[in-house]
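The structure displayed is predicted, hence computed values, not measured ones.
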Amino acid sequence: MAPPPEKKAKTDADEKPAEGETKEKEKEKEEEPELEGDCGTIKANHKITERIRFLAQTSTLNVLASDNGMLMSLGEGSIQNLLAGARANAGITKGRYFYEVKVLEVLHHSVANNRAVLRMGFSTVNSSLMLGTTTESICFDIEGAWIFNNLRTALSQRVPRESTIGVLLNLDPSMKNNGTISFFKDGVRVSSPIPLPADLKGKALYPHVCYKGYSVFVNFGPSPLVPLPFKCHMIQGCSKSHVEIAAEIEQGEEKGEVLFPVSLPDEGSFDWLDLYKEEHPGYFEISDRVLTDWAQKSGLFGRQGKASNDRYGHLQEMDDLRKSVYQAAQMQKRDYIIMEVRNNLIAEERKKMLEMFDDSMFTRKAIVLVGEPTDEYKEKSQELILRYKQEASDHAFLTKKAEEKKNKMVQKAWRNQAKKEKKLKKEAEIRRKQMVAEAKKKARETRIKTLEEAKSNGTIPEEEIAKQLKQLQAEGEAEEKELATTAQAEGGEDSEMEDETQQDDDDDKEEPPKVTLTEEEKKLWFAQHSVKDLTMAMLSSSFSSFSLPTEDESFDDIDYEWAGSDDGPEYLKKWIRAKKSTLRVDDLTPGTWSQKTYNDFQESFRTWQGAYKNYRDEIARKEKAKIEKVMQKKRAAMLKEAEKARAEVLKKVEASEEKDEEDGDEKMEDVKKEEAEVKEEEPEKEEEEEQEAK
């Protein structure tokens, strides 16, 4: 993968805000009243005696920590581009305390656009070392934002590298800002106190620093580098009753432990690992899933789909990263779990990995997970199967509800539009009726006034006037009743729309159905995942080499956790035989006998092909000769028919010519007769003409 184009590195001048702007903001901060008060004095015999520092088992593999609070990271290979995270050994449970971080140097990276990162905050004891990426940690960064569960909220401008950054945690119930965390720059508050999320309340919170591209100094006290505007104890001077001190594995006291889980693909490998890590959080997992997650959170490459659980994508980058991590791991006396499904099943690969971890520093143990699991694991596996099934059911339910809601919204929009148009028409009709009623009312008032004048003048009888007044009053009441009925019908339609909205709200509150396991699912030992532990190609090319650890290998201990040492190998043999009957094997190499037999077969096959070709050619020749003979007969018959037809045509032509000659002779005789008759008639005509002339 080609590296992205380089960007111009930021200078200190770029990081510094304008001088006038800085002074103005600092003046505003000074004018604002401080939100924290002074703390009381802690007696010397009540203060902790342990030194607050970063532990190896709660730091990433690329952290280089000194005893005086300096934090650096490994600077060669792919590991230099990963975030380094370090958690201190003191968890604050009560009181108000703070610590400081100061940048010592800015480093350069081998990958372009790999920005430097500096975060400082607090986390729980077993949280991820990538600070701010989960609900178990909260932090501030040098960019001027606070981060929780990967959500960044800007507070101020970028903090200059020469500034001293302070992080204050207030867990004192007697103070106004209890349950908050604050960010200070050179002793000046950057923002108002940030309330701790609910996930962090009531838990011991440990100082935590996460960085990349920086070397920093972390000051736990007892004296601050830059005093705050109020009296506050640093973590090194905290009360014994306000802190939990994490245990540390001292170098040289005991060996680190390296576990090699040996399990068959898709038979509980990673599920067992997750359960084991819950019970033993001090182990550092070395696997592609951990390294990929670490690299993604460090910005080394983006999120992509994984080919398998054992080997993710990004082949070249992961190979380099894996090599760097193993080099760092073999020099640190810690507890590791080497989770490589394929390599842990092949003796040669196990030997290579065992050679990385010297037996003088590490106890190397193989945990064989083959055969029928324990009842405890089966119970956990059934819970996983039920959980995955419930998640799939919930997803299908929510997808269906979303589709139904979308359809309802479309239908509702059409109905509302139709109702709106109908309502507008009714409102127009009501306005028209009101106008007509108003006109009639005015006409009635005019008529009543006229009747009253007529009554006073006595021009109309009083009985007639009373009758007409009564009639006018009845007409007015009828019109008012009609208008009231129309308005009431309009209000009923509005309430119908409100009831429909209430029904939609009730549908949104519907809970997904609860699923249960079938009898077949209850018999399963292992939960199945959408992504397999090994790709089909990798499995087919290596399963025949699978084996279980033996006493001849260099393991200090081999623990058969499921099947025994006798049943485990037999289970593996049956598993391999079953795979041979179902898997396609692409890397088979034929032996000498197979090759000779194949060559002999090829030679015989060529001989058979030649004989068959000759046989086909002979048949084709005979068939061709037969066809040629038939064609000759057909051609002879056709020629004979053609000669016969030609003779008949010539005969007809000759007959026609003879007839024509006879007809010609007859015509000549007729012509001669006519000429003779003409000659005989000519003297007669001449005589007649002479007579006529005379």
Side-chain angles (χ1 to χ4, degrees), residues 61 255-273 276-277 280 283-291 308-312 315 318-371 373 532-535 537-577 579 587:
L61 294 177
K255 295 181 180 181
E257 187 174 42
V258 185
L259 302 181
F260 294 86
V262 182
S263 60
L264 295 173
D266 303 317
E267 294 198 359
S269 306
F270 289 91
D271 292 336
W272 174 88
L273 177 60
Y276 189 86
K277 287 176 63 178
H280 306 82
Y283 283 83
F284 186 87
E285 176 188 345
I286 300 180
S287 66
D288 263 31
R289 69 171 184 174
V290 169
L291 300 185
S308 66
N309 293 322
D310 194 48
R311 283 287 184 268
Y312 282 50
L315 295 179
M318 287 303 300
D319 288 342
D320 296 340
L321 181 58
R322 199 180 297 110
K323 181 179 178 181
S324 299
V325 168
Y326 273 114
Q327 289 176 347
Q330 61 188 330
M331 302 307 297
Q332 301 183 38
K333 193 183 298 183
R334 299 172 61 171
D335 295 334
Y336 300 104
I337 300 179
I338 310 300
M339 192 62 207
E340 297 197 14
V341 178
R342 175 186 175 275
N343 291 348
N344 288 356
L345 281 166
I346 299 176
E348 294 180 0
E349 299 296 336
R350 290 196 296 266
K351 182 179 179 182
K352 293 178 183 178
M353 289 188 288
L354 284 170
E355 291 173 352
M356 295 182 188
F357 298 93
D358 189 82
D359 58 356
S360 64
M361 294 178 61
F362 299 97
T363 299
R364 300 166 300 183
K365 180 179 179 181
I367 300 180
V368 182
L369 307 166
V370 173
K532 302 299 182 181
D533 289 349
L534 298 179
T535 62
M538 184 178 293
L539 179 60
S540 63
S541 63
S542 57
F543 79 93
S544 58
S545 303
F546 288 174
S547 64
L548 300 181
T550 62
E551 296 179 357
D552 298 336
E553 300 180 40
S554 302
F555 288 104
D556 297 307
D557 185 21
I558 300 176
D559 180 16
Y560 283 83
E561 187 161 315
W562 292 349
S565 57
D566 296 331
D567 298 336
E570 185 63 27
Y571 184 89
L572 177 61
K573 288 180 181 179
K574 291 181 181 179
W575 185 88
I576 292 176
R577 282 198 297 269
K579 292 299 178 184
D587 59 345

Inset, instruction - Could you check Phe546 against Leu539 for side-chain contact (heavy atoms from CB on, under 4.5 Å), going step by step and ending with a plain yes or no? - result: CA-CA 10 Å; Phe546 288 174; Leu539 179 60; 4.1 Å; yes
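- Between the side chain of Tyr336 and the backbone N or O of Ala329 there is at least one donor-acceptor pair closer than 3.5 Å.
- With hydrogens and angles ignored, the 3.5 Å screen pairs no side-chain donor or acceptor of Glu553 with any backbone N or O of Ala347.
- With rounding to the nearest 0.5 Å, the separation of CD in Gln330 from CE in Met361 is 9.0 Å.
- In this structure, Pro261 and Leu369 approach most closely via the heavy-atom pair CB-CD1, 4.3 Å.
- Between Asp533 and Leu264, the shortest heavy-atom distance links the atoms OD2-O, 4.4 Å.
- Sparse packing is recorded around CD of Glu551, with 12 or fewer heavy atoms of other residues, nucleotides or ligands lying under 6.0 Å away.
- The two atoms that bring Pro549 and Ala366 nearest to each other are CG-CB, 3.9 Å, heavy atoms only.
- Of the inter-residue distances, the one linking Ile346 atom CD1 with Lys352 atom NZ reads 9.5 Å to the nearest 0.5 angstrom.
- Heavy atoms only, all atoms of each residue included: Lys365 and Phe555 are closest at C-CD2, 4.0 Å.
- Taking 4.5 Å as the limit, every side-chain heavy atom of Val341 sits out of range of all side-chain heavy atoms of Asn309.
- The shortest side-chain heavy-atom distance between Gln327 and Met356 does not fall under the 4.5 Å cut-off.
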Inset, instruction - Begin with the C-alpha distance, continue with both residues' side-chain angles, and end with the deciding distance and a verdict on side-chain contact (heavy atoms from CB on, under 4.5 Å) for Tyr560 and Asp567. - result: CA-CA 10 Å; Tyr560 283 83; Asp567 298 336; over 6 Å; no
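- The closest donor-acceptor contact from the side chain of Arg342 to the backbone of Met538 lies at 3.5 Å or more, if one exists at all.
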Inset, instruction - Could you please spell out the steps behind the side-chain contact (heavy atoms from CB on, under 4.5 Å) verdict for Val325 and Leu61? - result: CA-CA 7 Å; Val325 168; Leu61 294 177; 3.5 Å; yes
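- Between Pro265 and Trp575 there is a side-chain heavy-atom pair separated by less than 4.5 Å.
- Arg289 contributes atom CZ, which lies 5.0 Å from atom CG of Leu273 (distance to the nearest 0.5 angstrom).
- Using the six-membered ring where Trp is involved, Tyr276 and His280 have ring planes that are parallel, under 30° apart on the 30 and 60° scheme.
- Using modelled atom types, one finds a donor on one side chain and an acceptor on the other under 3.5 Å when comparing Tyr571 with Glu267.
- For the pair Arg334 and Phe284, the cation-pi test (distance below 6.0 Å, angle within 45°) is passed.
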Inset, instruction - Tell me, with the steps shown, if Arg322 and Asp319 meet salt bridge (charged side-chain N to carboxylate O under 4.0 Å, His left out). - result: CA-CA 5 Å; Arg322 199 180 297 110; Asp319 288 342; 2.9 Å; yes
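- Side-chain N or O atoms of Asp335 include one that pairs as donor or acceptor with a backbone N or O of Glu257 at under 3.5 Å.
- Contact between Met339 and Ser287 at its shortest, heavy atoms only, is O-CB, 3.4 Å.
- The backbone N or O of Ile367 sits nowhere less than 3.5 Å from a side-chain atom of Asp559 that would complete a donor-acceptor pair.
- Considering CZ of Phe543 and CG of Leu572, their distance stands at 11.0 Å, rounded to 0.5 Å.
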Inset, instruction - Just do the side-chain contact (heavy atoms from CB on, under 4.5 Å) check on Met353 and Phe260 with the steps written out, would you? - result: CA-CA 9 Å; Met353 289 188 288; Phe260 294 86; 3.8 Å; yes
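- Of the possible donor and acceptor atoms, one in the side chain of Asp556 sits under 3.5 Å from a partner among the backbone N and O of Arg364.
- Minimum heavy-atom separation, Leu291 to Leu321: O-CD2, 3.8 Å.
- Distance CG/Leu259 to OG1/Thr363: 10.0 Å, rounded to 0.5 Å.
- Judged by distance alone, with hydrogens and angles left aside, the side-chain atoms of Lys255 form a donor-acceptor pair with the main-chain N or O of Asp359 at under 3.5 Å.
- The OG atom of Ser269 sits 8.5 Å away from the CG atom of Asp310 when rounded to the nearest 0.5 Å.
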